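Structure first, commentary second.
All of these numbers come straight from a predicted model, not from anything done at the bench. Positions are given from 1, in the same order as the sequence printed here.
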Amino acid sequence: MTTFRDHPQTTRGRPEGRRLRRRRAAAGLVAALVAAGTALPATPALAVNAPHTTVVSADPANWTPHALDGTVYRILQIGNRVYLAGSFTKVRNAGATAEMAMPRLVAFDATTGRIDTTFRPVVNGTVRALAASADGKSLYVGGAFTSVNGAAAPRVARIDAATGARVAGFAPAALNNQVNDMRLVGGRLVVGGAFQTVAGVTRRGLAALNATTGAADASVNLRLDGPRTTATGVTAPVKVEALDVSADGTRLIFVGNFSTVAGQTRHQLAVAGLTAAGATLSGWATDRYQPGCSSSFPSYLRGVDISPDGSWFVAVTTGYMYTGRLCDAAARFEFGAATGGKQPTWVNYTGGDTLLSVAITGAAVYVGGHQRWLDNPFGRNSAGAGAVSRPGIGAIHPVTGKALAWNPTKDRGVGTAELYATDRGLFVGSDTVTVAGEYHARVAFFPLP
């Protein structure tokens, strides 16, 4: 059993030290699965959030650069470089006044925060997803773009991690709409988004590409269908909002606008097994996301993250307040046996405000959005009995499900789009400029104490 000092946490792509520790942990899981005769991908997945033994400081570092417009949607660290992806077009260094036109994708030093002006990819649309190659020398990017460095790149590309130049030999199959999230699992790049076809073949919301060539990989074909309809009869296309893969690369979870997966009922959230042969829908299921929330949202799940040990996860939602439903809330579920009817271990409600992002580190479950409160099950767009103020960002105890004391505060805006834990602390990406009462435009970093 994990001993918690105060809170638990995890991260998404990490520096070498963290990666090594996570891979050792994953190796133990892999060994157990091999002993049980389970076929595995060629290599484990690159773990997303780094495990922490304590909660991060509430005082953000002063050295992070600033994105001067748009939104930071994704953050990833490879070695001592940190990458920001989003819809921004201008950036500047901390303590400087000179603005640099470096749209949508930028790198900076993880120690000093200085922007790397040698990394200069030219991307013609918003970037929403990042993944590191297995050797850390290149970077997969996904989003709404159609070209990178002047050459066609329909929503996915692979670029050199140092220069931003396109990697030779990677010619991605065309996706007909944007990518929202991605993970590298062995030789596959698993992508989720709003696309309906890949290379002209139907693959609604979820697919895989060959990590070396970019060709469509038919082994991930879970047939997402049944887009949900609002109370006014509006139906949006099938899509995946977010996904995650366990550290050992054998479990995939994804959330979005669907009601069936592989012909089985799965409202907005589904779990699949990953092996060398491909993806297979798990028997794990919950009906807690079947009821509707606000009539404005056909689907309301926005983020999901698997715990460092791979045994549980947390999903976060929008949707407004409905008693007994998982709207505007963070909910922890255990994986356990692959059966239906799963119920949350705990639920933490905001009382009417959206949560967009979540990162589990073992010491805390960090959540972000445009929320005003946590611990607010009785709030109706107000602070109900027991509510605690946690504007824009907060931390939840992984066992009790109650808000931790950590409360740096943050401008709310549309909301905190990204939470990303590394060995050194927690990065935050958003569309706002004030964190803990200080100017940190669209990106901030909370170091471990």
Side-chain angles (χ1 to χ4, degrees), residues 39-46 74 123-134 138-149 151-159 166-227 237-245 249-258 260-263 266 270-281:
L40 298 172
T43 59
L46 181 62
R74 198 68 71 206
V123 185
N124 76 336
T126 298
V127 179
R128 288 181 173 267
L130 298 174
S133 65
S138 61
L139 181 69
Y140 297 95
V141 298
F145 55 85
T146 56
S147 74
V148 173
N149 299 334
R155 284 92 187 187
V156 176
R158 184 180 184 182
I159 59 176
R166 291 167 62 97
V167 172
F170 187 83
L175 282 70
N176 75 330
N177 208 328
Q178 79 176 28
V179 168
N180 292 329
D181 210 350
M182 59 172 52
R183 296 290 184 277
L184 179 65
V185 191
R188 297 188 190 101
L189 184 67
V190 179
V191 295
F195 53 86
Q196 306 297 294
T197 63
V198 179
V201 176
T202 298
R203 289 287 187 274
R204 295 187 181 95
L206 184 72
L209 304 178
N210 182 286
T212 302
T213 67
D217 183 337
S219 67
V220 176
N221 181 18
L222 290 170
R223 307 192 319 278
L224 280 60
D225 211 339
V238 166
K239 66 176 175 178
V240 167
E241 292 278 1
L243 57 85
D244 199 14
V245 172
T250 65
R251 180 177 279 149
L252 166 70
I253 186 168
F254 52 96
V255 300
N257 186 23
F258 51 84
T260 68
V261 178
R266 295 290 188 275
V271 177
L274 294 174
T275 68
T280 305
L281 181 67

Using every non-hydrogen atom in the two residues, find where [X] and [Y] come nearest and quote the distance to one decimal.
X    : Y    : answer
A279 : L222 : O-CD2, 3.8 Å
T212 : N210 : N-OD1, 2.8 Å
L243 : G192 : CD2-N, 3.6 Å
A132 : L184 : O-CD2, 3.3 Å
G226 : T260 : N-OG1, 4.2 Å

For residues 194-206, tabulate all N or O donor-acceptor pairs below 3.5 Å that involve a side-chain atom, not counting sequence neighbours.
residue : atom : partner : partner atom : Å
Q196    : NE2  : A194    : O            : 3.0
Q196    : NE2  : V238    : O            : 2.8

Check: S219/R188 side-chain N/O donor and acceptor closer than 3.5 Å: yes
Taking the side chain as every heavy atom from C-beta outward, state whether [X] and [Y] have any pair of such atoms under 4.5 Å apart.
X    : Y    : result
T213 : F170 : no
F254 : L224 : yes
F258 : P227 : no

[X] side, atom [atom1]; [Y] side, atom [atom2] - distance, nearest 0.5 Å:
X    : Y    : atom1 : atom2 : result
T280 : N221 : OG1   : CG    : 11.0 Å
L130 : M182 : CG    : CE    : 7.5 Å
T126 : R74  : OG1   : CZ    : 12.5 Å
L281 : R266 : CG    : CZ    : 4.5 Å
L175 : T146 : CG    : OG1   : 12.5 Å
S138 : R166 : OG    : CZ    : 13.0 Å

Does a salt bridge link D181 with R128, judged by any charged N lying under 4.0 Å from a carboxylate O?
no
